[in-house]
Every structure is written in structure tokens, then in C-alpha cells.
Amino acid sequence: MYWVIIILVFALILFLVWASADVGSNIYLKALCKGDGAQRVVSLTFDDGPDEQMTPLVLDVLKQYNIKATFFLVGSKVDNNPDIVRRIVAEGHIVANHTYSHSGLFPLSSKREVKQELERCNAAIKRSTGLSPKLFRPPFGVTNPIIGAVIKSLNLKTIGWSIRSLDTMADKSRSTICQRVKERLHPGAIILLHDRCDKADELLKEIIQTTLENNYNFISIDKMLKINPYEK
Ligand SMILES: [Zn+2]
């Protein structure tokens with residue numbers, strides 16, 4: 001009898017870990033992780049910027065290919081690089097919320113702390129651009145009931161991803177990352193990248209080329225998901 005209980009408890013723990021760690025699990029909040037798949041289009045998203053060195057280079061590549069992406073920004077970095085944030089917006093990309101300090105403790109924060117992290121990030125973006133983002137991506141893709149409740153109360157929309165490039169893993173070569181993205185390409189894909197990574201511009205170029213070679217086009221996330229990225 002005891003082993004039945006042990007197995008049930010173990011299954012419950014596994015379920016709770018999955019529900020928290022997978023942004024697409026939709027247990028604690030509804031995350032939009034891909035488009036409807038009606039067209040051969042994908043959307044590029046960048047987390048953890050703006051980065052003083054890499055973001056301008058990433059923007060150069062996007063401009064070269066005339067692709068509009070979404071940047072999930074860290075509020076403290078926004079305060080340090082307001083000019084880059086203004087350039088992101090001026091070049092037609094979307095800016096969105098990725099918390100103020102991107103703390104590893106964010107998933108363990110109280111309701112008050114979570115609310116503060118989200119509000120401070122939006123305030124920083126508003127200070128530099130005048131825009132109030134409605135789109136949010138949780139750091140590490142981790143969600144829980146507290147984060148879910150705050151997102152709801154602030155009327156934010158959570159954006160996940162359907163292709164994780166693993167570009168932050170130092171042991172992965174550019175061609176491995178590209179191959180990984182290529183194998184997972186699907187209509188309506190949301191691709192997760194990081195503009196803080198070393199040589200993010202070179203990786204981006206390769207991913208764009210691979211995607212185009214596979215007959216996919218790029219679309220901005222608001223058009224793909226038919227949502228408004230900012231509070232009016
Ligand atoms: Zn992040």
C-alpha cells in the first residue's frame with residue numbers, strides 16, 4: 001500500500017515541477033507559445049537585453065534583412081541603456097517586459113515582490129520610450145500561482161516560445177544551435193534567442209539564412225498572435 005502512495009506523491013511532485021518549469025504548460029497562467037500555424041512564418045524574440053555591445057549589432061542584422069523582432073528587456077539594463085531601447089523601438093521592433101532585475105530568486109518571490117519587478121520594468125521602458133508594454137516573458141520560463149495572479153492583476157500577456165535555441169549554452173557551437181532551430185522549424189514558431197550572448201549577431205545571421213532557405217518568412221509577434229503589444 002505504501003508504495004502506491006509513494007508513487008502518487010512522486011508523480012505529483014513531477015507534475016508540479018513540470019507545471020512551474022515549462023512556460024507552455026499553461027497550468028498557472030496562459031502563455032502564448034506559437035501562432036496558429038496557418039502560414040509559413042516564424043517570429044524572433046530576444047531575451048535579457050539591452051546589451052551595450054551586442055544589441056546594436058543584432059539590430060544591424062535585423063535591419064539588413066528587414067525583420068521585426070520582439071525584445072524582452074530587463075528593466076535595470078533599460079535604465080542603463082535608454083538610447084538602445086529607443087533605437088529598438090525606432091526601428092520597428094517590439095519592446096516587452098522581462099522583469100526589472102532578472103533575479104534567480106524571482107520564482108521564489110512574494111506577490112508584492114513579483115508585482116514590483118514587473119511594474120519597475122514597465123516603468124523603465126515607459127521612461128525611455130513612452131510605451132507601456134503588455135507582453136511579459138518570465139525569466140527562465142518559470143511560472144507559479146503567484147506570478148500567474150500578478151500577471152492577471154496587471155493585465156499582462158505571457159509570451160513563451162516553441163523553439164528554444166539553447167544559445168546561452170557555452171558548449172554549443174553556432175552550427176549545433178542552427179541545426180537545432182532548423183530541425184524544429186514549424187509554421188507559427190516563436191524562436192527564443194538572447195541578444196546578450198557573445199556573437200549573437202553572427203548566430204542570428206545564420207538562423208535567418210537557414211529559416212529563409214527552408215521557405216519560412218519572418219513576422220512580428222503582434223501580427224502573428226493578433227495582439228496589441230502596448231497599453232493604449
Ligand atoms: Zn531571461
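These values consider heavy atoms only, across backbone and side chains, with no hydrogens, waters or symmetry-generated copies. These numbers come from a predicted model, not from an experiment. Whatever order the structure lists them in is the order used to number ligands and atoms, beginning at 1.
For the side chain to side chain contact (heavy atoms under 4.5 Å, CB included) with F71, the qualifying choice from D195, D48, V85, I84 is D195, the only one to do so. Among V61, V181, D167, the one residue that satisfies the side chain to side chain contact (heavy atoms under 4.5 Å, CB included) test with L203 is D167.
Looking at H98 and the Zn ion (ligand 1) together, the shortest N, O or S contact belongs to NE2.
Backbone or side-chain N, O or S atoms of D48 reach the Zn ion (ligand 1) at under 2.8 Å. For a distance bound of 2.8 Å, the N, O or S atoms of H194 include none lying that close to the Zn ion (ligand 1).
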**Asked** Step by step, would you call D51 with K77 a salt bridge (Lys or Arg N to Asp or Glu O under 4.0 Å)?
**Response** CA-CA 7 Å; D51 181 88; K77 297 187 185 177; 5.4 Å; no
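Side chains of S175 and S173: a donor-acceptor N/O pair is present below 3.5 angstrom, by distance only.
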